[in-house]
Amino acid sequence: PRGRGRPAGTGRLKLDVVIPAYNRAELLEKAVTSLLAAPVPPELTRRILIVDNNSTDATPAVAARLAAAAPETVVSLTEREQGRSAALNAGIRASNAELVGFIDDDETVAPTWLSAVAAVMQDPDIGFLGGPVLGDWQIEPPDWLPSTYPAVIGVVNPGEAPRDFGPDFPGILTGGNSVIRRDVLERVGLYSTALGRTAVGLRSGEDHDMYARLLRAGIRGRYVPELEVRHWIPAERLTKRYYRAWCYGHALSRGQWLRGNREPVPYLAGIPRYSVGIALRSLAALLLRAPLGKMTARERLERELELWNLAGLVKGRYFG
């Protein structure tokens, strides 16, 4: 499988980094500042595309100010269709670079971010690139914080060793820290606007859908630890209520995705059988062990989240 890029060593790579922005003006400025501060290697040029998605705070003014201060480097755009996927797609359409990068407006990049892009994407066989998303915690994480569902708070760290993406990779390509070749996006398509976060609810799934399409197309991707970002985790996300809502919303999106896609696993009534089994075992543990005090607060929440996951899958798969 090939990334279908330019032959190695044929000139400077051009990168556009898309930042979808919605009501996080202060964090957006930090995200852009981190990209401007990251050293640009001589074999790369970079531009930053801010896509305001109907923000009601100071985001439009901040984006305009940043673009005015660096007009050749920062571009301020607007996307009226609400939703993260729509904002990402607007940035892709506005880009004219051979590489399109993505970070979220509540993230900052490590100083090695641009160097990692330049080093790895010189290889024309690499079609997409991803890296770890580490936590930037507003408060100390609570003791009950589950070890499962790390995507709830946007922390994804597959390790310190570079490796290829694929069926054995422990996770997916996260849209908040990725680079994809333009010709690859032209081949697999844009982000699904039927999935992903909007102004209402905690739905997701657009990253999973894109990753699945990349793998189905046989595109080779590379995970590189140096492509590191830090994700802001506010205190309001560190609640059990938020975890329940996120898991249910994510499962709704996944259930909807299952209507037109199929995982290579056994199914039970249209739902992956492993999801049903995990939920049933979790229910049994909650009924038999929890009343006896044999489960910690973390274990109880982890088990409960599997029930919310199954409920969302069924609702998304059959009822929309």
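Only this structure's heavy atoms are used, side chains among them; waters, hydrogens and symmetry mates stay out.
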Using residues 272-286 as the side-chain source, report each donor-acceptor pair under 3.5 Å to any protein atom, sequence neighbours left out, with the distance given to one decimal.
| residue | atom | partner | partner atom | Å |
| --- | --- | --- | --- | --- |
| Y274 | OH | R254 | NH2 | 2.6 |
| Y274 | OH | E263 | OE1 | 2.9 |
| S282 | OG | I278 | O | 2.9 |

- [ ] Could you tell me whether R213 and D209 have a side-chain N and a carboxylate O separated by less than 4.0 Å?
- [x] yes
Open item on the list: Tell me the closest heavy-atom pair linking L305 and P146, and the distance in Å.
Closed with: CD1-CG, 4.1 Å
- [ ] Look at the aromatic rings of Y223 and F169 and report parallel, tilted or perpendicular, splitting at 30° and 60°.
- [x] tilted
Open item on the list: Tell me if the CH2 atom of W308 is crowded by more than 12 foreign heavy atoms within 6.0 Å.
Closed with: no
Cut-off 3.5 Å, no hydrogens considered: what does the side-chain donor-acceptor table look like for residues 112-121, sequence neighbours left out?
| residue | atom | partner | partner atom | Å |
| --- | --- | --- | --- | --- |
| T112 | OG1 | E226 | O | 2.7 |
| W113 | NE1 | N177 | OD1 | 2.8 |

TODO: State, yes or no, whether a side-chain contact exists between L185 and M210 at a heavy-atom distance under 4.5 Å.
DONE: yes
Open item on the list: Does the plane of the ring in W246 sit parallel, tilted or perpendicular to the ring in H250? Use 30° and 60° as the thresholds.
Closed with: parallel
TODO: For D16 and V100, indicate whether the former's side chain and the latter's backbone hold a donor-acceptor pair under 3.5 Å.
DONE: no
Task: Flag for S95-R182: side-chain donor and acceptor within less than 3.5 Å - done: yes
Task: side-chain contact (heavy atoms from CB on, under 4.5 Å) assessment of R222 paired with D123 - done: CA-CA 11 Å; R222 189 73 172 159; D123 183 349; over 6 Å; no
Open item on the list: More than 12 heavy atoms of other residues, nucleotides or ligands under 6.0 Å from CD of E236: yes or no?
Closed with: yes
- [ ] Establish, for the pair R84 and Y22, whether the NZ or CZ atom is under 6.0 angstrom from the six-membered ring centre and no further than 45 degrees off its axis.
- [x] no
Open item on the list: Are L44 and L35 connected into the same hydrophobic cluster when the rule is that any two of I, L, V, M, F, W, Y join if their side-chain heavy atoms are below 4.5 Å apart?
Closed with: yes
Task: Flag, side chain of T193 to backbone of A86, donor-acceptor distance under 3.5 Å - done: no
Task: Joint hydrophobic cluster, L134 plus L227, side-chain heavy atoms closer than 4.5 Å - done: no
Task: Non-neighbouring partners of A61 that pass side-chain contact (heavy atoms from CB on, under 4.5 Å), sequence neighbours left out - done: none
